[in-house]
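Working notes for the structure below.
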Amino acid sequence: MLLFKFTNQLFAVIFNLHQEMLKVIIGGARVAKWCYFLFIILSNQSLAKLNVVTEYFPPAQYLDENEQLVGYIADKVQMVLASSTLDYTISVHSWSTAFNMVLRDPQTCIFSMARSTSREKQFIWIAELAQLNTYLYALNSKSIVIDSLEQAKQYRIAVLKDNYSHHFLLSQGFEEGVNLMLMNSFDNIFKIVQSRQSTIDIVVLPEQRVKFEQSKRQVTDKLTPILRLKITQPALYFACNKALDKPTQTKLSNAFNAYQ
């Protein structure tokens, strides 16, 4: 009887211990589950806000009469970013300002930037956005006729600062302050064409932008395309600072890939 009583007591202890262990295991599983969800939430929240910069570059991206960013590239980028679940802002600057912001600030991306050889190692290239054709345009009043870049060196040429065309012309022997006049926006190039024609002879502009301006105002009647940049022009891209965190890179890449 004594042995039986002891055995029953031992069984009761073992049973109670087993129940407590089950509670710990189940409780631990619940804790682990909530810890996992908390980790996911904190991981998403820990991603710093993405700063996306761009320039006024119609018809690809520009501000409409309501100060809203629109354009065939801007619409695509905003749709992709909205689907990415990233926390982001988009701001419009002069090209030079936007370019230097993405060079300097880790959590910054830019559109639309030409993927040139000289820029290849400076940025993370997320997605191709569009192709671009660029010409040298002469003012009609100058009656300029050329068939090579070498001949263009004798003229004063307005070009967008830090634009692909600017860097390309420098690589071909053009000099700032000699035959290159640097402008901080395409708008300023068109303003010079309209009001300060005595200061320039040629302007460097994308064909798409000239056609857009032609549909809006008469300024392009004063311009004649005289030479296409005879190179394989790089496509326009959505690109980011080299130090952009990996999770954000992945989210951006997945979002753009899903849009294609």
Side-chain angles (χ1 to χ4, degrees), residues 44 47-103 105 107-116 119 122-135 160-165 183-191 204-217 219-220 233-241 244-245 247-260:
N44 287 333
L47 294 178
K49 179 176 285 189
L50 183 67
N51 181 30
V52 180
V53 296
T54 188
E55 65 165 332
Y56 184 85
F57 181 46
Q61 63 252 0
Y62 61 99
L63 298 175
D64 65 11
E65 61 275 10
N66 298 315
E67 294 297 301
Q68 298 298 309
L69 183 62
V70 295
Y72 70 93
I73 288 182
D75 292 345
K76 173 181 178 178
V77 169
Q78 290 180 102
M79 187 179 299
V80 169
L81 290 175
S83 71
S84 71
T85 71
L86 288 167
D87 186 13
Y88 69 92
T89 61
I90 299 180
S91 54
V92 182
H93 308 269
S94 69
W95 172 254
S96 184
T97 297
F99 182 78
N100 282 293
M101 286 175 71
V102 74
L103 269 178
D105 303 330
Q107 207 67 15
T108 302
C109 298
I110 190 171
F111 71 95
S112 311
M113 183 160 64
R115 187 174 182 172
S116 64
R119 293 173 179 167
Q122 291 181 293
F123 303 97
I124 298 168
W125 303 94
I126 301 295
E128 181 178 328
L129 301 174
Q131 297 287 335
L132 195 64
N133 296 318
T134 301
Y135 285 82
L160 183 64
K161 183 180 179 181
D162 288 325
N163 180 264
Y164 169 73
S165 301
M183 311 301 295
N184 64 8
S185 71
F186 283 121
D187 268 0
N188 283 341
I189 292 179
F190 284 105
K191 287 176 183 178
V204 184
L205 293 167
E207 179 184 29
Q208 292 89 332
R209 178 64 189 270
V210 172
K211 288 181 178 179
F212 176 83
E213 293 294 332
Q214 191 171 27
S215 71
K216 297 294 183 181
R217 51 186 176 183
V219 64
T220 49
Q233 292 186 247
L236 297 178
Y237 268 74
F238 185 96
C240 302
N241 184 281
L244 182 68
D245 64 85
T248 300
Q249 290 181 43
T250 300
K251 281 178 174 287
L252 285 171
S253 295
N254 289 343
F256 274 103
N257 288 338
Y259 182 88
Q260 300 301 330

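In this structure, E207 CD and Q214 CD are separated by 10.5 Å, a value rounded to the nearest 0.5 Å. Taking CE of M113 as the start and OG1 of T54 as the end, the distance is 11.0 Å to the nearest 0.5 Å. Separating the CZ atom in R119 from the CG atom in L103 is a distance of 9.0 Å, to the nearest 0.5 Å.
Checked against salt bridge (Lys or Arg N to Asp or Glu O under 4.0 Å), E128 has no partners two or more places apart in sequence or in another chain. By the side-chain contact (heavy atoms from CB on, under 4.5 Å) test, P58 is found to be paired with Y56, Y62, R209, F212, E213, residues two or more places apart in sequence or in another chain being considered. Annotation: side-chain hydrogen bond (donor to acceptor under 3.5 Å, both in side chains) contacts of Y237 (sequence neighbours excluded): R115. With sequence neighbours excluded, the residues satisfying side-chain hydrogen bond (donor to acceptor under 3.5 Å, both in side chains) with T85 are K251. With sequence neighbours left out, the ring pair (Phe, Tyr, Trp, His ring centres under 6.0 Å) criterion links Y164 to no other residue. Qualifying ring pair (Phe, Tyr, Trp, His ring centres under 6.0 Å) partners for F111, counting only residues two or more places apart in sequence or in other chains: none. Annotation: side-chain contact (heavy atoms from CB on, under 4.5 Å) contacts of D162 (sequence neighbours excluded): W95, S96, F99, N100, H166, H167. In this structure, Q122 has no side-chain hydrogen bond (donor to acceptor under 3.5 Å, both in side chains) partners at least two apart in sequence or on a different chain. With sequence neighbours excluded, the residues forming a side-chain contact (heavy atoms from CB on, under 4.5 Å) with N188 are M183, N184, S185, K191, listed by chain and number. Contacts of E65 classified as side-chain contact (heavy atoms from CB on, under 4.5 Å), with partners at least two apart in sequence or in another chain: none. Checked against side-chain hydrogen bond (donor to acceptor under 3.5 Å, both in side chains), T108 has no partners two or more places apart in sequence or in another chain.
Between A130 and I73, the shortest heavy-atom distance links the atoms CB-CD1, 3.8 Å. Nearest approach of S91 to N51, heavy atoms of both residues: OG-OD1, 4.0 Å. Residues L50 and C109 share a closest heavy-atom pair of CD1-SG, 3.7 Å. Here the closest heavy-atom approach between residue S94 and residue E55 is recorded as C-CB, 4.4 Å. The shortest heavy-atom contact between H93 and A98 is CB-N, 4.1 Å. Across all non-hydrogen atoms, the minimal contact from A114 to P234 is CB-CG, 3.9 Å.
Q208 places no side-chain N or O within 3.5 Å of a backbone atom of A60 that could act as its donor or acceptor partner. In this structure, the side chain of D75 does not engage the main chain of V70 through any donor-acceptor pair within 3.5 Å. When atom types are taken as modelled, the side chain of N66 and the backbone of Q68 share no donor-acceptor pair closer than 3.5 angstrom.
By the 4.5 Å heavy-atom criterion applied to side chains, L252 and L244 are counted as neighbours. Side-chain contact between V204 and T134 is present, with heavy atoms from C-beta onward closer than 4.5 Å. For the pair F57/L236, a side-chain contact is recorded, criterion being any heavy-atom separation below 4.5 Å from C-beta on. Contact annotation: the side chain of F256 approaches that of L129 to within less than 4.5 Å [non-hydrogen atoms, C-beta and beyond]. When side chains are defined from C-beta on, S165 does not count as touching L160, because their heavy atoms never get closer than 4.5 Å. Put simply, the side chain of C240 does not reach to within 4.5 Å of the side chain of Q249, judged on heavy atoms. For the pair T248 and Q107, the minimum side-chain heavy-atom distance is below 4.5 Å.
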For residues 76-84, tabulate all N or O donor-acceptor pairs below 3.5 Å that involve a side-chain atom, not counting sequence neighbours.
unit_1, atom_1, unit_2, atom_2, d
Q78, NE2, L69, O, 3.1
Q78, NE2, A74, O, 3.3
S83, OG, V80, O, 2.7
S84, OG, L81, O, 2.6
S84, OG, L86, N, 3.2

